[in-house]
Structures are given as structure tokens and as C-alpha cells.
Amino acid sequence: MDPPSSSAAAPSSPASSNSSWAAPPPLPHCALVQGSFSCSGSALSSAQRAAWLAMMSVAMASAVLGNLLVVASVLHFRRLQTRTNAFTASLAVVDLLVGLLVMPFKMTRSAYGCWFYGMAFCAAHTCLDIALCTASILHLACIAFDRHVAVCDPLRYAQRVTARHVAAMVALSWCCGAVISVVTVSLGWNVVGVPDEVVAASCTDSCDFLLGAPYAVGSSVCSFFGPAAFVVVAYARILREARRQGRAIACEQWRHQRQQEKQQQQNEDQQQGRQEDGVGEGGRGGARGEMTGNGGVVGKRYEIGGGRAEGLGTVGKIGSVLEGGRLTTAPAGKATQAVGRAADAKSERNATKMLSIVVGIFLASWLPFFLMNVSDPLLGYSIDPRAWEAVTWLGYANSAANPVIYGIFSPNFRAAFRVIAARSAFRAGSRDVQLGF
């Protein structure tokens, strides 16, 4: 979002304190840039401007290429085509548009302190900036809802988060961002409460987005603080539930492991006893044992010398095999179900961990901007423009951060990125390749 220029808070004439004056006083802080643009200009030297442009270009290119990679991965690989990743892909489209449509024009404005593209496009650019920022936080609220249901109410996840629900939430996120930006700016609600002298002191070609206190507070609550509060509460509950489930699954696994070990020891004791009984009845000689398992029932035949003894032992719902003369058991039934539940829960926790990092970095990136957005009108528009530039680009940089987070914390996305980078995605059958674990 384009912040208001704090230099507009200091009119050059005492008469500017009178809101009824007809013509604005001279504006010595506005200079002619590139011959014909009236702007506040930039204090950067040529070397500083070149370095600043290079850094912003890297951030812009990273946002575009990284989010293109995320969108391509979700569209191409079937393993990534989940309801959660529908939100992820839509969020990547938002960040991609920030890199394509917002950052390039903001980059030149930041470097030269002037807007070279006309006032009509200034208004359109401002609306687009607000809409995409709002859509981002609403997408994260949708992701928080999805993760909350997946972790806290997994049995009803398929009913509560259907494809239709996902499509509706994505559409609502985009529409709300557009309404908040286009309607409020086109109706001029943003300048309600802005002192006349502040409006008059703004340079003609600076593309300053002036905010009155009512709009600054209301839009910040709707676009950021309200959804952010929902996200924080949702992830706090998710974290608490994930810890509880982790402890429960660990206890269940330990209990089944103990039962398995106990059953295995009983089987070994029974086998040893029957072998000793066979030796007593069959006399001396070599011994040979055969064992088969079917549905938990194990049959044994011992041939010892000239005699033969047969025994039938019931193992229960744990399959048994004989390896090197030693009876071992393989988990089945409840034990296998426990392992499956543990794997599913681990997958959900990994996805939740990655997305919670995405949310945390987003909030940390945009919180300084919105704090300044609310406080600047209350402080008489006195915040330094350099501080505004810093917090604005901190927010924009978040658009480049999400693909990096996916590549670090998601085995599936990491594997998908490798496949695409190696140009293996064009091979037959690549859509169904097994990615991560």
C-alpha cells in the first residue's frame, strides 16, 4: 500500500492552518523531477539508488518466479492437488500479481520519489495494492480454518471442507479485497478526516495515499487485525490439539508395542515347550519343524527321529513367521491401524507446521506497516517517509518468502520443485510421480 507522505504534514505557511483558504501556498518541498513531474524527490545518491533498485529487482523476480513455481507444481502434480493446496495455489497467485503489477511501479516510485505513470493509474495501482494485501490475509484465514478442521475435527473434515466450500472461500477472499479497495477509494472514504492543509501540501505527482483516522482504523481492522486475530486464535487451538494428539498416539503406540512384545514372548515359550514335548515322545534323532500362519492360527508339525508330533497354537490377530528357528510376530489389526493413524497425524502436523510458519512470517512482515498505518493519522502524519518505505517493502518481500518456506519445510513441494527444475515434469507419467513423504 502507498503510505501518505509525512512531508505533507508540514505546510510551508502559517495560513495553511486555516482550512478555508482558497489557494495552496508554495510547496518548497516539491521539486520538478525529470523536467515536468512535481514530486518530493529522493535523497538517494546515484550509487544508493542503483543498489536499492538491484535489491528490489531481486525481491520482485523472486516473487514472480517462486510463485509461478508453486502454481505450476499444484497444477501439474496430482499428489499436491488437495483442498489445502487449493488455498496455497490461490495465495501464490495473489503474491504473483503483487510481483507483476504492484512491485515494479512501486520500485520506481521508491527510488526516485516520484510517480511517473499518471494519476489515473496511481488510483488503480493503489486499489490493486490494497485488494491484494487484503486477499492475502483472508487466504491465510481460510488456511487457518482448513487446518483447524483437519487437526481438531478430522472425522468431519470431508464434510466440512468440501470442494464447493473451498471454491466459495477462495472467491470470497478475492471479492472482499476488491470491494474494500475499489469501493472505499472510489467513494473517497479514505480522505474523510484528513485536514485540508495536509491534502493541499501533497505534491502533485507523488501518488500519496492519504488516510483519515476513521478509514485508517476501520480498513486496518477489516483488512488485517480482524483476520489476523482469527488466525492466531485458530493456530493456538491447533497447536494445543496437535500436542494432545501427539501424546495420545505415542501412548497408544507404546501400549501396542508392549502387547506385541508380550505376545511374542508367549509364542516363543509355547514353541519351546512343544519342542521339548516332541523330543520326549519321539526319541532321539534330528528335528524338523514346519509352521504356517493363516488368519492368526499357526499349525506346527515336528518330525523327530521315527516319531511325529503335531501341535496347533492360536496366536490371535498377530501374524507369525519363523525366521532362523525363531518365532517373530508382525503387527496387524489394531497395531497396524495405530501405525496408520500415527502416519496420518504426522502428515497433518507437518502440513500445519509449514503453514503456521507461512502465517507467522506474513504477520511479522505486515504488522509494522499496519501499526504505522493506524498511528500516522493520530500522530499528525509525522512518520518519516523512509520508515514508510522500509515497512512497505518488508510487506512486499513476504510475497517472495512463501515459495522458500514451501521448499524448506514441505517434502512434497521440495520434490516437485526438483522435478520441475530438472525438466522431468515433461516426461510421461510425471503427474503421478511420488513426491515426498
key: SG(Cys39) to SG(Cys203) below 2.5 Å   = no

request  = Would you list the pairs meeting salt bridge (Lys or Arg N to Asp or Glu O under 4.0 Å) in which at least one residue belongs to residues 132-143, sequence neighbours left out?
outcome  = none

ask   = Which heavy-atom pair separates Val374 from Ala216 by the least distance, and what is that distance?
value = CG2-O, 4.0 Å

inquiry  = Are the side chains of Leu210 and Tyr215 in contact, using a 4.5 Å heavy-atom criterion?
reply    = no

message = Under a 3.5 Å cutoff, is there a donor and acceptor pairing between the side chains of Asn402 and Asn67?
response = no

task = Could you give me the CA-CA distance, side-chain angles and deciding distance for Ser365 and Tyr396, then say whether side chain to side chain donor-acceptor pair (under 3.5 Å) is met?
result = CA-CA 8 Å; Ser365 299; Tyr396 290 155; over 6 Å; no

ask   = If we only count heavy atoms from C-beta on, is the Met119 to Asp205 side-chain gap below 4.5 Å?
value = yes

key: Residue pair Asn373 / Ser220, side-chain donor-acceptor N/O under 3.5 Å   = yes

key: Closest non-hydrogen atom pair, Ala63 against Gly99   = CB-CA, 4.3 Å

query = So, Tyr406 versus Thr88: side-chain donor-acceptor pair below 3.5 Å or not?
reply = no

inquiry  = Does the plane of the ring in Phe413 sit parallel, tilted or perpendicular to the ring in Phe417? Use 30° and 60° as the thresholds.
reply    = tilted

query = Any idea how Phe121 and His125 line up, ring-wise: parallel (<30°), tilted (30 to 60°), or perpendicular (>60°)?
reply = tilted

request  = For residues Thr126 and Asn190, determine if any side-chain heavy atom of one lies less than 4.5 Å from a side-chain heavy atom of the other.
outcome  = no

Ser62 to Ala400 - nearest heavy-atom pair and separation = CB-CB, 3.8 Å

request  = Examine the side chains of Thr162 and His165 and answer whether a donor and an acceptor come within less than 3.5 Å of each other.
outcome  = yes

message = For Trp174 and Ser90: C-alpha separation, side-chain torsions, deciding distance, then whether side chain to side chain donor-acceptor pair (under 3.5 Å) applies.
response = CA-CA 9 Å; Trp174 284 92; Ser90 185; 3.0 Å; yes

ask   = Do the rings of Phe224 and Phe370 sit parallel, tilted or perpendicular, given the 30° and 60° boundaries?
value = parallel

message = Does either side chain, that of Ser110 or that of Trp52, offer a donor lying less than 3.5 Å from an acceptor on the other one?
response = no

query = Would you call Glu241 and Arg244 a salt bridge, using N to O less than 4.0 angstrom?
reply = yes

query = Is the shortest distance from a Lys or Arg side-chain nitrogen in Arg83 or Asp146 to a carboxylate oxygen in the other one below 4.0 Å?
reply = no

note = Here the salt bridge (Lys or Arg N to Asp or Glu O under 4.0 Å) pairs for residues 403-425, sequence neighbours left out, are none

